[in-house]
**Q** 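Right, I'll just put the structure down here and ask away after.
Quick note on labels: first sequence line is chain A, next is B, and so on, each numbered from 1. In this text, all values refer to a predicted model and were calculated from it rather than measured experimentally.
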Amino acid sequence: MKKIINPVKGTRDFYPQDKFVNSWLYQNIREVSESFGYQEFDGPFLESIDLYAAKSGEELVKEQSFVFPDKSGNLIALRPELTPSLVRMIAQQQQQLYYPLRWWSFGPFWRYESPQKGRGREFFQWNADLVGVDSPQADAEMAALMAEFFKKIGLSSVQVKVFVNNRRLMEGELSKLDISPDKQGKVFRLIDRRGKLSDKEWGAYALEIGLDSKQFDGIKTLLNSENLWKESKELVQFFSAVDALGVKDYVEFSPRIIRGLDYYTGTVFEALALSTDVRRSVSGGGRYDNLLAAVGGDPLPGVGFAMGDMVITVVLEELGLFPENRGSSPAKVLVTVFDKESQMASYQLSVELRQAGLKVYSYPTPDKLGKQFRHADRIGAAIAIILGPDEIANQQVAIKDLKTREQKTVKRAEAAAVIQGILDTDHGA
RNA sequence: GCGAGCGUAGCUCAGUCGGUAGAGUGCUGCACUGUGGAUGCAGUUGUCGCGGGUUCAAGUCCCGUCGCUCGCCCCA
């Protein structure tokens, strides 16, 4: 076996068919984001470690970030998430920006975790944030943006669902059970782990954090209260807006959604794929009204979410929802080379066709026509052009439709138009 | 960090009780010298991850090691 240096653990090679998927996601994300009026932005891939120390969870910085010293000894991190950069960028120009901000981004992030299905150390993430508005309607817009993306890429509301909860509502409910605010963080963690532990383990965990049986029963009741959202003015308005935005089917209340990050203050949401055995969340987000103040800016409310590319890719693959033609050449026209003498003539024809706006693949060497047709098939071309001695002598070209096997000889000047006609017909059929 | 599984041809994998390294696919050629996908025939492909041990004999058993995958933890 040849000696090939291994790729870095947790990274992916984007072969053309993989990059096609990546670009396809990017394209859909862009279209959906822009349809809601969001502007694309980006932060640097390298940030000072201090940026994250200020705000992100301890574990994310200390355990899960790629950190290295630069030549002057400053600690630099490969960005593990975007929100701190976003917040810094806003704080830097806080007085000049016009609010609300609707910003989106799609780019690479790095986390030092053990790679497995749907998770790597280098991944892409879609971020969308709505900053400067503190309203349930703004939260609903975020949920709608998420839902419209799912709809666009072919995921139905049966296959994927955005589950929503509200931290303030839950805090109120916990207080009713005489759970003091300082203990609520632990209880949130308990709720977060409901689906991951067995009943027995979960009960033991509840005892461990010091809940009495009455409180424990109260929490169990809470987690099954599907209509609890009606107690929250915020959520009532939220769902009314979701309804108006036309994505009611995709969005559902769940008292079990809590989210790991500490900085969420109100509405939290998380999308899960229901029809596959992918148990990871597809995307997640929430309202963070204290974040800007926390990094030294003036107080400014915000709501946002992130979606990693790896889980959604697994989901789409399992459901067979990717477009068929990934891996094929972008050129739908292949110009054959009849023999050595006519090769330059074939090249000239390729140039003419490109100038007419077609994507054209020039076969690189003279070869048997049969082999060239086979090659055309393999790369996904729809049409092959033959320029032999007869055609050259008569100022013609032969155009072969590879699908129907039909071939016609036309005047060279008309070739581009005829080809375009065939491509349009194939496309429509 | 913890646990499990897997490393054999370019790719997907089989390999029984330890006894000469296999299949499919791909690729090349021919049937087919201006017309492809099908079919047939022929050819091509190996440090069995690496190192050690047991044995007359190891792809196979044992130990170690590296790599990958999948869980847990955490998250997207």
**Q** Can you tell me, in whole Å, how much space there is between the P of B:rC48 and that of B:rG10?
**A** 12 Å
**Q** Please determine whether any donor N or O and acceptor N or O are separated by less than 3.5 Å between the side chain of A:Q407 and the base of B:rU35.
**A** yes
**Q** Which value, in whole Å, describes the distance between the P atoms of nucleotides B:rC17 and B:rC13?
**A** 22 Å
**Q** Would you tell me if any nitrogen or oxygen in the side chain of A:R119 comes within less than 4.0 Å of OP1 or OP2 on B:rU69?
**A** no
**Q** Using the C1' atom on both, measure B:rA14 against B:rG59 and round to a whole Å.
**A** 12 Å
**Q** What is the pairing partner of B:rC48, taking Watson-Crick or G-U wobble pairs with both distances under 3.5 Å in any strand?
**A** none
**Q** Measure centre to centre between the rings of A:F41 and A:W103, then say whether the value is under 6.0 Å.
**A** yes
**Q** Would you call A:F123 stacked on B:rA76, i.e. ring centres under 5.5 Å apart with the planes less than 30° off parallel?
**A** yes
**Q** Check every strand shown and say whether A:G10 touches a base, only sugar-phosphate, or nothing at a heavy-atom separation below 4.0 Å.
**A** nothing
**Q** Could you check which nucleotide pairs with B:rC6 in any of the strands shown, counting Watson-Crick or G-U wobble with both distances under 3.5 Å?
**A** B:rG67
**Q** Roughly how many Å is it from CG in A:D367 to P in B:rU35, rounded to a whole number?
**A** 14 Å
**Q** Taking the six-membered ring of A:F373, is NZ or CZ of A:K400 closer than 6.0 Å to its centre and within 45° of its axis?
**A** yes
**Q** Round to a whole Å and report the spacing from CD1 of A:I312 to P of B:rA76.
**A** 15 Å
**Q** In terms of the nearest nucleotide of RNA chain B, which residue is placed more toward the 5' end: A:R405 or A:P389?
**A** A:P389
**Q** Rounded off to whole Å, could you give me the CD-to-C1' distance for the A:E122 and B:rC75 pair?
**A** 17 Å
**Q** Both distances below 3.5 Å, Watson-Crick or wobble geometry, any strand: find the nucleotide opposite B:rA57.
**A** none
**Q** Report yes or no: does A:N224 contribute a side-chain atom to a donor-acceptor pair with the main-chain N or O of A:K220 at less than 3.5 Å?
**A** yes
**Q** Does the ring centre of A:W126 sit less than 6.0 Å away from the ring centre of A:F149?
**A** yes
**Q** Atom NZ of A:K368 to atom P of B:rU28: distance rounded to whole Å?
**A** 12 Å
**Q** Could you state the CZ-P distance from A:F338 to B:rU33, rounded to the nearest angstrom?
**A** 12 Å
**Q** On the ring face of A:F188, is A:R167 found with NZ or CZ under 6.0 Å from the centre and within 45° of the axis?
**A** yes
**Q** OP1 or OP2 of B:rC32 sitting under 4.0 Å from any side-chain N/O of A:K371?
**A** no
**Q** Salt bridge check: are A:E171 and A:R168 linked by an N-O gap of less than 4.0 Å?
**A** no
**Q** Could you tell me how far B:rC27 sits from B:rU65 if I compare only their P atoms? Round to whole Å.
**A** 42 Å
**Q** What interatomic distance, in whole Å, is found between C1' of B:rC73 and the corresponding atom of B:rC2?
**A** 8 Å
**Q** By the 4.0 Å heavy-atom rule, please label A:E406 as base, sugar-phosphate, or nothing.
**A** nothing
**Q** With both distances under 3.5 Å as the test, what is the Watson-Crick or G-U wobble partner of B:rU35?
**A** none
**Q** How many whole angstroms separate atom CZ of A:R121 from atom C1' of B:rC75?
**A** 14 Å
**Q** Classify A:T336 by what it touches in the nucleic acid, base, sugar-phosphate, or nothing, heavy-atom distance under 4.0 Å.
**A** nothing
**Q** Which part of the nucleic acid, if any, lies within reach of A:D390 when heavy atoms closer than 4.0 Å are counted: base, sugar-phosphate only, or nothing?
**A** base
**Q** Can a donor-acceptor pair be found, under 3.5 Å and without considering hydrogens, that links the side chain of A:S342 to the backbone of A:D339?
**A** yes
**Q** What does B:rC13 pair with, Watson-Crick or G-U, if both distances are under 3.5 Å?
**A** B:rG22
**Q** A:V164 and side chain to side chain contact (heavy atoms under 4.5 Å, CB included): which partner among A:D139, A:V268, A:T267, A:V242?
**A** A:T267
**Q** Check if the side chain of A:Q372 and the base of B:rG34 share a donor-acceptor pair of N or O atoms closer than 3.5 Å.
**A** no
**Q** For A:R378 and A:G308, find the nucleotide of RNA chain B closest to each by heavy atoms; which residue's nucleotide sits nearer the 5' end?
**A** A:R378
**Q** Does a side-chain N or O of A:Q125 approach OP1 or OP2 of B:rA76 to a distance below 4.0 Å, or not?
**A** no
**Q** What's the gap between B:rA23 and B:rU45 when it is taken at their C1' atoms, as a whole Å value?
**A** 14 Å
**Q** Quantified in whole Å, what is the P atom distance between nucleotide B:rG24 and nucleotide B:rU35?
**A** 31 Å
**Q** Pick the C1' atom in B:rA21 and in B:rG46, then give their distance to the nearest Å.
**A** 8 Å
**Q** Rounded to whole Å, please give me the gap between CG in A:D129 and C1' in B:rA76.
**A** 14 Å
**Q** On a plain distance test, is the side chain of A:E113 in donor-acceptor contact with the base of B:rA76 below 3.5 Å?
**A** yes
**Q** Roughly, in whole Å, what's the span from CD1 in A:I385 to P in B:rU35?
**A** 17 Å
**Q** Strictly by Watson-Crick or wobble contacts shorter than 3.5 Å, is anything paired with B:rG1, and which nucleotide is it?
**A** B:rC72
